S.K.: 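Below are the structure tokens for one structure; questions will follow.
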Amino acid sequence: MLVTLEGLDGSGKTTVWEALHDAYPDAVFTREPTSDSWYGEAVNRAIDDDDADPLATLFLFTADHADHLSRVVRPALADGNLVVSDRYSDSRYAYQAAALSDSDLRRPMEYIMGIHAAFTRPPDKTIYLDVDPETAAARSGATNKFEQAAYLADVRANYERLIDAEPERFVRVDATQSPEDVLEAVEAALEEILAEQ
Ligand SMILES: Nc1ncnc2c1ncn2[C@@H]1O[C@H](COP(=O)(O)OP(=O)(O)O)[C@@H](O)[C@H]1O
Ligand SMILES: Cc1cn([C@H]2C[C@H](O)[C@@H](COP(=O)(O)OP(=O)(O)O)O2)c(=O)[nH]c1=O
């Protein structure tokens with residue numbers, strides 16, 4: 001089963017993902033952008049480059065996803081593991097659709113979903129850590145172009161579109177709570193997801 005964690009920068013995904021390692025020692029924990037491949041390194045260069053072309057950046061993130069799928073996600077699922085990914089395809093649908101909103105693409109989110117549809121493995125469930133853009137930007141320190149509150153407001157609206165389209169896939173957790181309460185809510189959600197399986 002593939003469970004993904006999604007949310008704005010600073011929503012607490014990585015904090016939760018790290019804490020879950022103890023509760024689920026047999027699960028495979030992974031992330032996008034990947035942190036152990038040159039594809040991930042290329043993505044990180046694009047994140048840090050304020051002049052990076054947004055369409056080129058989409059393809060770098062998508063290349064990293066293809067590598068992540070074939071090298072990590074599909075083999076782990078084939079072995080029957082629970083896979084927990086800190087960010088996954090919804091991050092592209094939310095972030096790159098916002099980054100490409102002023103481009104020549106008429107419907108950026110649909111375009112990005114179309115590119116993925118041919119080869120991706122959609123998540124079984126997605127835990128969405130919901131936080132307002134101002135809190136997100138403040139927590140993340142607004143250190144890169146994706147972490148600014150105005151941009152994050154567009155990203156959040158895109159996540160809401162994704163949730164509206166597939167309400168049964170998403171579990172929303174209020175990420176403005178304390179880290180302890182957020183973790184408790186995520187663990188409860190995960191227990192329910194695994195019990196339903
Ligand atoms: N529930 C929370 N309340 C307050 N601060 C938090 C909470 N969760 C995480 N943080 C802090 O916010 C910052 C970003 O958290 P992080 O887990 O890296 O978020 P993300 O991976 O979603 O960007 C870190 O300094 C972290 O300690
Ligand atoms: C995976 C992914 C991340 N991003 C952005 C979100 C972050 O600003 C940045 C790095 O992701 P990440 O390392 O997960 O940042 P954080 O822990 O702050 O949430 O890349 C995209 O724009 N598209 C994507 O597909």
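All ligand and atom numbering here is 1-based and tracks the order in the structure. Quick caveat: nothing in here was measured; it's all calculated off a predicted structure. All residue numbers in this chain count up from 1 along the given sequence.
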S.K.: Using salt bridge (charged side-chain N to carboxylate O under 4.0 Å, His left out) as the criterion, list what pairs up with D124, not counting sequence neighbours.
M.R.: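 With neighbours one apart ignored, the set is R121.
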S.K.: Tell me, which residues have any heavy atom less than 4.0 Å from some atom of ligand 2?
M.R.: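 For ligand 2, the contacting residues are D9, K13, T14, R31, E32, P33, I47, F61, R87, S91, R92, Y95, Q96, N144, F146, E147.
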S.K.: My understanding is that only residues two or more places apart in sequence, or in another chain, count here; which of them pass side-chain contact (heavy atoms from CB on, under 4.5 Å) with T34?
M.R.: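 Applying side-chain contact (heavy atoms from CB on, under 4.5 Å) to T34 gives D36, S37, D64, H68, R71.
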S.K.: Would Q96 and T57 count as having a side-chain donor-acceptor pair, cut-off 3.5 Å?
M.R.: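 No - no donor-acceptor pair under 3.5 Å links their side chains.
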S.K.: Are H65 and T120 close enough that a side-chain donor and a side-chain acceptor fall under 3.5 Å?
M.R.: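 Result is yes, a qualifying pair exists.
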S.K.: Check step by step if salt bridge (charged side-chain N to carboxylate O under 4.0 Å, His left out) holds for R156 and D130.
M.R.: CA-CA 9 Å; R156 192 187 200 203; D130 191 12; 3.1 Å; yes
S.K.: Tell me which residues fall inside the under-4.0 Å heavy-atom shell around ligand 1.
M.R.: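 Within the 4.0 Å shell of ligand 1, which is judged on heavy atoms, sit L8, D9, G10, S11, G12, K13, T14, T15, R139, A175, Q177, S178, P179, V182.
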S.K.: Go through the steps to decide whether E18 and R31 satisfy the test salt bridge (charged side-chain N to carboxylate O under 4.0 Å, His left out), and finish with yes or no.
M.R.: CA-CA 11 Å; E18 277 169 2; R31 69 186 307 272; over 6 Å; no
S.K.: Flag the pair S89 / P123 as yes when at least one side-chain heavy-atom distance between them is below 4.5 Å, and no otherwise.
M.R.: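 Side-chain contact under 4.5 Å: yes.
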S.K.: Side chains of T4 and S85: do they bring a donor and an acceptor to under 3.5 Å?
M.R.: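 Absent: no donor and acceptor within the cut-off.
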S.K.: Does either side chain, that of D9 or that of Y95, offer a donor lying less than 3.5 Å from an acceptor on the other one?
M.R.: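 Checked: D9/Y95 side chains pair up, N/O donor to acceptor below 3.5 Å.
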